[in-house]
Amino acid sequence: MKAIVDCNNFYCSCERLFKPSLEGKPVVVLSNNDGCIVSRSNEAKQLGVEMAGPYFMAKPLIGKHGVTVFSSNYNLYGDLSWRVMETLRVMFGKKNVEVYSVDEAFLDLGIFPENELQEVAEKIKQTVERWTGIKVSVGVAPTKVLAKVANRLSKKYTQQYEGVMVLDNEEKIIAALKQTQIGEIWGVGYQYAEKLKEHFCIYDALQLSRMSEEFGRTHLGGVTGSRLLRELKGIPSKDMEDELVNKRMIATTRMFGSPVGDIDSIKEAVATYTSRAAEKLRRQHSAAKVVSVFIVSKGEDHNTNFRGAMHGKSVTLPAATSFTNELIKPAVALVDKLYEPGHLYKKAGVMLSGIVPDDSIQGNLFLSETRNCDRRLMDMIDNVNFSQRDDVLKFAASGTERNWKMQQNHISDRYTTRWNELFEVC
DNA sequence: TCTGGGGTCCTAGGACCC
DNA sequence: TCTGGGGTCCTAGGACCC
């Protein structure tokens, strides 16, 4: 049996933890650059504030009801996320915890007899809440997809289930599937949901679960779809993932706080994003051989991404590396090729690919010993920056003025990672 | 005026190889 | 006029997730 533990309205809960006066009041948290709404407290949901909606459009509603607004504070959320996950690892052992996202983790509960699962699930909820102050919902079922179904319902019918739902027999599974609409299934997005309704008159999860694996393969994206069908039928087909599996692509992209025209500022931004990407690379003990950069000018579609970007270029390095200085240089050089004077730019991004383990980097006889020195330098930078959950140490190419930085007009304090921003009890 | 960021998996088709 | 079989690697594009 598998469980999914999901933090309720995670970003909002993090903010409220240090502002208890907001308990029971509507709260929202904004995306980078204060663009969209990415987390809403239950009270905000009830007021009809839309998820992922642009902030400026929700402003009238937010103002009218006195909703409290926060910019994203990733220092705080990252630290609290770590505490939640660590709690689960202490309870169940590292091996049985798969961190799925900043606010969700799957657990393998295979070692527990079925008649204890309800108790175990309740224990998870209590312990995480007591140790971290973050409220969670727990769904338990034979497969990941069904656990997700259970989790959703445990939240939807809070009164009845109090945030814990265990699907340990056929009857309960059928009832749960019946209450789940097609588009609410994990792995069925908008496109598939429309297709299923329109062409096949399938509206709920129970109906879908009765279709064949072959149906999934043909209509829901090949093997992904057939796996989904199996999972719905209670046959585990999505294994617990080994978290040590490394990412094959690492990207850092950002909108600028406001459009930028001068090339030096764009280079600073690209150097900064490269540093961040390199840090992610080193954290997973990898090195990259390909550096790609794109910049998006003001007139272009804001959804423009790497592939769609008009102005993207990449270079293949002579040898894979994870050293910030060795990655910044080619990245900044790409800006020279992409930049057109007279344009205003609103966004830039850096992507590292061609990723290999850093102990398998192809040796080059002529590399000097200074590399060992650089290695130690990188380690030191990473340690200092990690301790602060921020890039307090950076390369000069990243700039000091940083007039391109994103807007965060409603940011809260970094209560758990900065001495001078500690929570005060008067 | 103002709409985020970072990923994953899969398929099809073309180029190329022996 | 006729023209095999089996592979790999890469890219583009489509779908999904939080």
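Naming: A, B, ... by sequence-line order, numbering from 1 per chain.
Pair assignment for B/dC10 gives C/dG13, based on Watson-Crick or G-U wobble hydrogen-bonding distances that are each under 3.5 Å.
Nucleic acid contact for A/K280: sugar-phosphate only, since backbone atoms but no base atoms lie under 4.0 Å from a heavy atom of the residue. As judged by a 4.0 angstrom heavy-atom cut-off over every strand, A/L220 is placed among residues making no nucleic acid contact. Heavy atoms of A/M406 sit nowhere under 4.0 angstrom from any nucleic acid atom. Counting any heavy atom pair closer than 4.0 Å across all strands shown, A/N32 reaches sugar-phosphate atoms only and no base atom. Residue A/Y192 is classed as a sugar-phosphate contact, given heavy-atom separations below 4.0 Å to backbone atoms only. A/D103 comes within contact range of the sugar-phosphate backbone alone, with a heavy-atom separation under 4.0 Å but no base atom that close. Within 4.0 Å of A/R227, counting heavy atoms only, lie sugar-phosphate atoms of the nucleic acid but no base atom. When heavy atoms are screened at a 4.0 angstrom cut-off, A/V102 is found touching no nucleic acid atom at all.
Checked against A/S137 for a side-chain hydrogen bond (donor to acceptor under 3.5 Å, both in side chains), the options A/N151, A/T158, A/N8 give a single hit: A/N8.
Side-chain proximity of A/T224 to the nucleotides B/dG7, B/dG4, B/dC10 is greatest for B/dC10. Relative to the side chain of A/K347, the nucleotides B/dG5, B/dG4, B/dG7 differ in distance, and B/dG5 lies closest. When distances run from any side-chain atom of A/K247 to the nucleotides C/dA15, B/dG4, B/dG7, the shortest one goes to B/dG7. Here B/dG4 is the nucleotide among C/dC18, B/dG4, B/dC9 with the atom lying nearest to any side-chain atom of A/M255. Of the listed nucleotides (B/dG6, C/dA15, B/dG7), B/dG6 has the atom at the smallest distance from the side chain of A/T252. The side chain of A/T253 lies closest to B/dG6 when the candidates are B/dG4, C/dC16, B/dG6.
We find that NZ of A/K405 is positioned 16 Å from C1' of B/dG4, with the value rounded to whole Å. To the nearest angstrom, C1' of B/dG5 lies 17 Å from CG of A/N73. In this structure, A/L228 places its CG atom 15 Å from C1' of B/dT8, rounding to the nearest Å. Rounded to an integer number of Å, the gap from A/I185 CD1 to C/dA15 C1' is 15 Å. Distance A/R276 CZ to B/dG6 P: 9 Å, rounded to the nearest Å. Distance, A/Y273 OH to B/dG5 P: 8 Å, rounded to whole Å. In this structure, A/L344 atom CG and B/dC2 atom C1' are separated by 16 Å, rounded to whole Å. For A/L352 and B/dG7, the CG to C1' distance is 14 Å, given to the nearest whole Å.
Between A/F215 and A/H219, the ring planes are tilted. Angles from 30° to 60° get that label. Ring geometry for A/F18 versus A/Y415: interplanar angle under 30°, hence parallel rather than tilted (30 to 60°). Taking the six-membered ring where the residue is Trp, A/Y339 and A/Y345 present tilted rings, their angle falling between 30° and 60°. By the 30° and 60° cut-offs, the orientation of the rings of A/F92 relative to A/F112 is perpendicular.
The same atom, P, is picked in C/dC18 and in B/dT3; the two are 25 Å apart, to the nearest Å.
In terms of heavy atoms, A/A271 sits closest to A/A397 at CB-O, 3.5 Å.
Along DNA chain B, the nucleotide nearest A/M249 and the nucleotide nearest A/V223 are compared for position; the residue whose nucleotide lies closer to the 5' end is A/M249.
Side-chain nitrogen and oxygen atoms of A/K148 include at least one within less than 4.0 Å of the OP1 or OP2 phosphate oxygen of C/dC18.
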